[in-house]
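Report on the following structure.
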Amino acid sequence: MRACKALIRHCRFYPIDSVLSLGVIALIIWVLWASISWIVQAADWSVVSSHLPLFASGSYPLDQRWRPLLWISLLAALTLITLIVPIKRGSNRWMGMVLPWCWVFMIPLGLVLMAGGLGLTPVPSRAWGGISLTLLLTVCSAVLALPFGILLALGRTSDLPVLRHSSRLYIDVMRAVPLIAVLFFGKLLIPLFLPMQLEINQVLRAVVAFALFAAAYVAEDVRGGLQAIPETQREAAAVLGLSPLQSLQLVVLPQALRIAIPALTNQAIGLLQNTSLMALLGLVELLGIAQNLLANPAFIGRHLEVYVWLGALYWLFCTAMALLARKIEHSGPTLNGRSA
Amino acid sequence: MTTAIKADHICKTYGAEHRALDDVCVDVISGEVLVVMGPSGSGKSTLIRTFNGLEEIDSGELDVLGIKLDNEADPRHVQRIRRRVGMVFQQFNLFPHLSILENITLAPMRVQKQTRVQAEAKARSLLEQMGISEQADKYPAQLSGGQQQRVAIARALALNPEIMLFDEPTSALDPERVKEVLDAMRTLANQGMTMVVVTHELGFAREVADRVLFMDSGRVIESADAKTFFNQAQQERTRKFLNQIN
């Protein structure tokens, strides 16, 4: 009721505003209506629905398809559990301890499931594809980029000139080069330098290139966090007899990383979307599958359906990542009186 | 009577001109409470920060618990000294990402390699002593300033230090919170702890200090036992300062 009155008063005093607002609202409703009616009526989703396993796992051997599917399902389940279970420290310690380890375990598990070994039939990396490849690329490069980025950030803020300047040089060069150039470099040039018999796995090459690239950005995010920690925190650690390394590990980094979480989430989301560049280099990840499908004459005119579906998938993954990050951020205590 | 800290003609310069410590000589005897007073910028904080190696001295000789702390001191020696000298800061400097209990047990577990059980038992008894045992599982941001400062004292005491340094421990507190921190310090003094306290709290100095040191512009102007200092200060500068803050 009160909101209504306030609205009416607002309209009386700002008539032009009100007309504009009404126009915009009408436009939004029209666009929404048109989109929904297209999604429900006009669109032919058979191109998507008949290829769901293809989107999930690409050209993975049919009899082994359960492996990427299992990994995706486990990831989805773990994401849901992490989002639902409250992990305020102190109240639910057990979950707070187990969940991070589950996440860490997902990476080797994914690699083994995809590549084979340990009793599973080996599947070469050129047969990997779809969502499972997209997620694997993202997760592995993120996991490599984080420690490397932290080391770079520490080097960048070090007192040793050699370390400081070489870290800065690396960061500046990497940020000056477009990602696609780094990827081409990884794909085309690195094999030239290596002896013929040593053929590096293509997925591995992509992961390393992504990680090297992302590390430069991660380093700057972490540096922001490091600079937000007042010098007095290091002093307080020092007067307790902690060594500089212990002070970094126990006092400075835990706080700096917490502060850097929003920026690091940005990087992780960017990384996920950047994996689509690999389609240009012949890896059949999510975008690659879509392009292969659309190259089939049977699906001429079905571009919109496929790309809307892709958009929805990327949106889902990015939202899940953002929610997970928020969860991590809120699971710790408030720093410096500010709400975290 | 053994000497805990012996500073002999120590000097410290910041930049080209500013002499933070100018030829300072101080002895702190085991078990005594030395209060350092002086206007801001007089070098009193710098002085006590040299006592645990947070500031390096440029010249002179400084001996803390039998270990030399000069500009050639081995960083590992400095680290070892810091385990035996506790320090409490003006801004508490608790670790905001750790609970109160974790703040206190961090150094005993990581530096002295105590077990968690051992360290937590000690921490809880210290919190009890400070009158804040019910705060153990909270985080620093949830505590008042006075409570945080008492946690900081407990954190320093957890390493069983032989000397405690206090750098204006009550200056950042609301007036009504000052007393609880001073009471904790008074208890500590009564237990025979060697203490060096930088403070403007005249009442505390009068009542607890064995000796008072007055500094201005990096120099020691006057050093006397508390009674003489407050009743018959020798130096004009000291009397002026006391008049102003009274």
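Just so it is clear: chains get the letters A, B, ... in the order the sequence lines come, proteins before strands, and each one is counted from 1.
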For a quick test of reading the model, state the closest non-hydrogen atom pair linking [X] to [Y] and the distance between them.
X: P244(A); Y: Q79(B); answer: CD-OE1, 4.2 Å
X: A236(A); Y: R155(B); answer: CB-NH2, 3.7 Å
X: P254(A); Y: H97(B); answer: CB-CD2, 3.6 Å
X: V111(B); Y: L240(A); answer: CG2-O, 3.7 Å

Quick one: what part of E231(A) sits under 4.5 Å from any heavy atom of chain B, side chain, backbone, both or neither? neither
Residue part contacting chain B, namely of E235(A), when any heavy atom lies under 4.5 Å: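 Both parts, backbone and side chain.
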Using heavy atoms and a sub-4.5 Å threshold, report which of residues 41-60 of chain B line up against chain A, by residue number. R49(B), N52(B), L54(B)
Take atom [atom1] in [X]; do more than 12 heavy atoms of anything else shown fall under 6.0 Å from it?
X: R234(A); atom1: CZ; value: no
X: Y14(B); atom1: OH; value: yes
X: R326(A); atom1: CZ; value: no
X: E61(B); atom1: CD; value: no

Go through the atoms of [X] and report whether side chain, backbone, both or neither lie under 4.5 Å from a heavy atom of chain A.
X: V85(B); answer: backbone
X: F89(B); answer: side chain
X: I81(B); answer: neither

What residues form a ring-ring contact (aromatic ring centres under 6.0 Å, His included) with Y314(A), not counting sequence neighbours?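 Checked Y314(A) against ring-ring contact (aromatic ring centres under 6.0 Å, His included); zero matches.
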With sequence neighbours excluded, residues passing ring-ring contact (aromatic ring centres under 6.0 Å, His included) with F317(A):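 F317(A): no ring-ring contact (aromatic ring centres under 6.0 Å, His included) contacts found.
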Contact check, side chains of N93(B) and V239(A), non-hydrogen atoms, under 4.5 Å: no
Are S247(A) and R110(B) packed together at the side-chain level, in the sense that at least one heavy-atom pair is separated by less than 4.5 angstrom?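 A side-chain contact is absent here, since even the closest heavy-atom pair is not under 4.5 Å.
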Could you work out, with salt bridge (charged side-chain N to carboxylate O under 4.0 Å, His left out) as the rule, every residue matching E180(B), not counting sequence neighbours? R150(B), R177(B)
